[in-house]
2 protein chains.
Amino acid sequence: MVSSSRPNDPVHPHTTRPDRRPTIVDVARAAGVSTAVVSYALNGRPGVSASTRERVLRVADELGWRPATAARSLRSGPAAAGLVLVHDGRNGARAASALDLVVGAQEALGVDGPTLAVHVAPTVAGAATLMETWWTERRYAAFVVPHARSDDARLAALRRLNAPAVVVGEVPGVSPPGWRHVSLDDAAAFARLGSFLADLGHTRVAMLAGSEELLAPRRRTAALRAALGERGASLRTVAGEGADKAAAAVRPLLSGPDRPTAIVTDDDATAGVVLDVARRLGLSVPWDLSVVAGTDAAACHLTTPSLTAVPFPVRELGLAVGAALLDVLGGDTPARGAPTAPGNGTVAVGNLVVRGSTAPPPS
Amino acid sequence: MVSSSRPNDPVHPHTTRPDRRPTIVDVARAAGVSTAVVSYALNGRPGVSASTRERVLRVADELGWRPATAARSLRSGPAAAGLVLVHDGRNGARAASALDLVVGAQEALGVDGPTLAVHVAPTVAGAATLMETWWTERRYAAFVVPHARSDDARLAALRRLNAPAVVVGEVPGVSPPGWRHVSLDDAAAFARLGSFLADLGHTRVAMLAGSEELLAPRRRTAALRAALGERGASLRTVAGEGADKAAAAVRPLLSGPDRPTAIVTDDDATAGVVLDVARRLGLSVPWDLSVVAGTDAAACHLTTPSLTAVPFPVRELGLAVGAALLDVLGGDTPARGAPTAPGNGTVAVGNLVVRGSTAPPPS
DNA sequence: TTGAAAGCGTTACCAA
DNA sequence: TTGGTAACGCTTTCAA
């Protein structure tokens, strides 16, 4: 029976306790050197002879040694980064895409690189509080702020704490030196969308803009308006976040005179709502009305007709976030092979994915 | 200019360095006591006079003291739990629901309780590797294993490491004492679904089962079959995970003779595929064919018709996970107010959400 | 009820 | 190129 003898073993304090994981003291003893040498060898620092280094590495590997995160953090400060997701349970597709962002970031960080830990908070303010707590507890060395908003409590908190951060999205004002920004070039994509719709012949387009607080919708709307305007088409903007509000906003829009012949939404769920309202009003998509989702997601395939959508290269965005994070955390060895990405970056958005929800306007 | 004077300040080693966050030494000095007393007071341990305790707490609060995670972990072992999500970028709704699980768990853990950190891995094997690494690095005190599978590398790894865990889903065999299990009572829900379909008059039902590796699909299928069988209806099972395979599996099913009059799927995305195939074959849902999604999600509203679905109380599941985690991490103060949930638990699934995709079979 | 001090595992400085 | 050793911030004996 392998019982665990936890408390004070009266005998040799450092000998083989049953489930003890090895420390550098064990490695040093086994290799016949001091802990200093072990530390140097293990961290690839100069000042250790090749033979000693190799022996130490071998012994460490044999013993299955791994650095104790706590000890290392205590001495050198935390190495991990934290990302607090704002999730209120309603933003389905956005939530899933956040995970893809994390996947991309992890990939850029590499397996041996710093860790990115994800947490979830119901509100922006809650996220800010959590980050503040964890910063003062020295739990993380930097934070990733996804979906930056115009007046963002998270950014205010990080600014005040002078904490390093990677911010997804451009924010107004000048940023602290420890910050990096990564954003999506969706303005270009929405400009192309404007051209696309104008080329189809649409002259009255409406944009059902999502949250005013998010920065992306504004940028997108502006780009879309400019592109349409250049071609003699007009854009009407209608606010409507969330399914209910969106439905309430779309109904009068489609019932009134001079109804738009194309509607662009910010996300996939809202586009689904538009499809639904149109159907109830007896409008057939795409013949009576074109609908475009501003964010492509799996749900865009599920609707009838399937939704034409602006791509959302969230994994690529994640890669950029990871690169920026490496930069923020101390610019050491980036994942080799990958071209050392710049700290700040803009991620390109591909061409519109044309599906079944767009057509020329009714004559 | 507030330059940071990092390295060895030759002067008082412990005086006010610019951005130094306070330690218990600072608190002790300010309160005029020793660090031991501070530690006792801060942790609510007996052996400190009420007046001293209060003074210490006040001073700590004034100084904005927070425990340094690393130091505490080094001494007492890690306090946080880790959850590694398996996310391959395809399972949209499942991914979003995983976040709701985390939200629920956090709620049960409470704001001052242990932290739950989420990570993402592309495969089950990758998740197992990560957990093993982090266990040996003493990063986490326990792990949450979501979506346990029948032959799960994660469970094998945790077993081998003798690491505490909360497993979502029942697994065959006997579990280590440090494990807790939380699962969804979807068998009951699928039994009710069987009754519902039989009562509508369906006699030929098909189940489009998801991954064979996941445990839930089997349990669900068995319960559905039993309930249908009791009422003289039959269930045909068809394998088909992922959109393409599902479509390929459904097409012959609906084209052949004796086609089922109702199809049940495991998740929302697959149900959407079924709707699509049915439409292409000229079958109108729900009049020619009823469709039920085995997992309710936001996407179920987006389809035409909207999908009747089995509820998926993932937040409640998360609450149970959080309670189990508290139990595993050392059974200390659970979030007060909440009735101390048992370590192992089964979460009830509510009644079928009937929407537009179900009707009596065609005469 | 309080204080002094020994760790926890690593890193990094200073001497040898 | 190596070894000894003092931090890092906290918890927890053991004495006073």
Side-chain angles (χ1 to χ4, degrees), chain A residues 6-10 12-14 17 20-29 31-56 60 63-79 136-139 141 330, chain B residues 6-10 12-14 17 19-29 31-56 60 63-79 136-139 141 330 332:
Chain A
R6 259 307 149 72
N8 32 8
D9 242 351
H12 323 284
H14 252 303
R17 248 187 288 172
R20 246 180 63 81
R21 281 157 289 187
T23 75
I24 56 166
V25 176
D26 300 313
V27 176
R29 196 168 20 220
V33 292
S34 75
T35 61
V37 172
V38 172
S39 177
Y40 285 140
L42 252 19
N43 292 313
R45 277 191 166 53
V48 189
S49 71
S51 61
T52 307
R53 180 185 305 276
E54 198 205 353
R55 181 158 39 96
V56 168
L63 262 49
W65 177 88
R66 293 250 69 200
T69 326
R72 186 170 272 186
S73 295
L74 183 56
R75 186 57 226 213
S76 319
T136 56
E137 290 180 354
R138 303 152 174 85
R139 205 185 276 261
Chain B
R6 261 309 148 73
N8 32 7
D9 240 351
H12 324 284
H14 253 303
R17 248 187 288 173
D19 62 340
R20 245 180 63 80
R21 280 158 288 185
T23 75
I24 56 165
V25 175
D26 300 313
V27 176
R29 198 168 17 223
V33 292
S34 75
T35 61
V37 172
V38 172
S39 178
Y40 283 142
L42 254 18
N43 291 310
R45 275 192 168 50
V48 189
S49 71
S51 61
T52 308
R53 180 186 305 274
E54 198 206 353
R55 181 158 39 97
V56 169
L63 261 50
W65 177 88
R66 292 251 70 201
T69 325
R72 189 169 268 185
S73 296
L74 185 55
R75 190 51 229 218
S76 318
T136 56
E137 290 180 353
R138 304 153 173 84
R139 203 186 277 260
D332 42 13

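In what follows, chains carry the letters A, B, and so on, assigned in the order in which the sequence lines appear, proteins first and then strands, with residues in each chain numbered from 1.
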What is the separation between atom [atom1] on [X] and atom [atom2] on [N], rounded to the nearest whole Å?
X	N	atom1	atom2	answer
A:Arg21	C:dT10	CZ	P	11 Å
A:Arg45	D:dG3	CZ	C1'	17 Å
B:Arg72	C:dC8	CZ	P	19 Å
A:Leu74	D:dA6	CG	P	17 Å
B:Asn43	D:dG9	CG	C1'	13 Å
B:Leu42	D:dC10	CG	C1'	10 Å
B:Glu137	C:dC8	CD	C1'	17 Å
A:Arg138	C:dT10	CZ	P	20 Å

**Study point:** Closest-nucleotide ordering on DNA chain C, the 5'-leading residue of B:Gly32 and A:Pro67
**Key:**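 Upstream on the strand: B:Gly32.
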
Practice item. Any chance you could measure A:Arg138, atom CZ, to B:Thr23, atom OG1, to the nearest 0.5 Å? Key: 7.5 Å

With heavy atoms under 4.0 Å as the rule, sort [X] into base, sugar-phosphate or nothing.
X	value
B:Ala36	base
B:Val38	nothing
A:Arg53	nothing
B:Thr52	sugar-phosphate

Exercise for review: Taking only the side-chain heavy atoms of B:Ile24 (C-beta and beyond), determine which of D:dT5, D:dG3, D:dC10 contains the nearest atom.
Suggested key: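 Closest of the options to the side chain of B:Ile24: D:dC10.
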
Review point. A:Val33 side chain: which of D:dG3, C:dG9, D:dT5 is closest?
Key: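 The answer is D:dG3, which lies nearest to the side chain.
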
State whether [X] places a side-chain N or O below 4.0 Å from either non-bridging phosphate oxygen (OP1 or OP2) of [N].
X	N	result
B:Thr23	D:dG9	no
B:Ser49	C:dT2	yes
B:Ser76	C:dC8	no

**Study point:** Non-hydrogen side-chain atoms of B:Trp65 and B:Val38 separated by less than 4.5 Å
**Key:**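 Contact flag for B:Trp65/B:Val38 side chains = no.
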
Review point. Does a distance-only test, which skips hydrogens and angles, find a donor-acceptor pair under 3.5 Å between the side chain of B:Arg75 and the base of C:dG7?
Key: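 Under the 3.5 Å cut-off, the side chain and the base do form a donor-acceptor pair.
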
Review point. Can you find a donor-acceptor N/O pair under 3.5 angstrom joining the side chain of B:Tyr40 to the base of D:dC10?
Key: no

Heavy-atom closest contact ([X] atom, [Y] atom, distance):
X	Y	result
A:Arg72	A:Asn43	NH2-OD1, 3.3 Å
A:Ser73	A:Pro78	OG-CA, 3.9 Å
A:Ala41	A:Val48	N-CG2, 4.0 Å

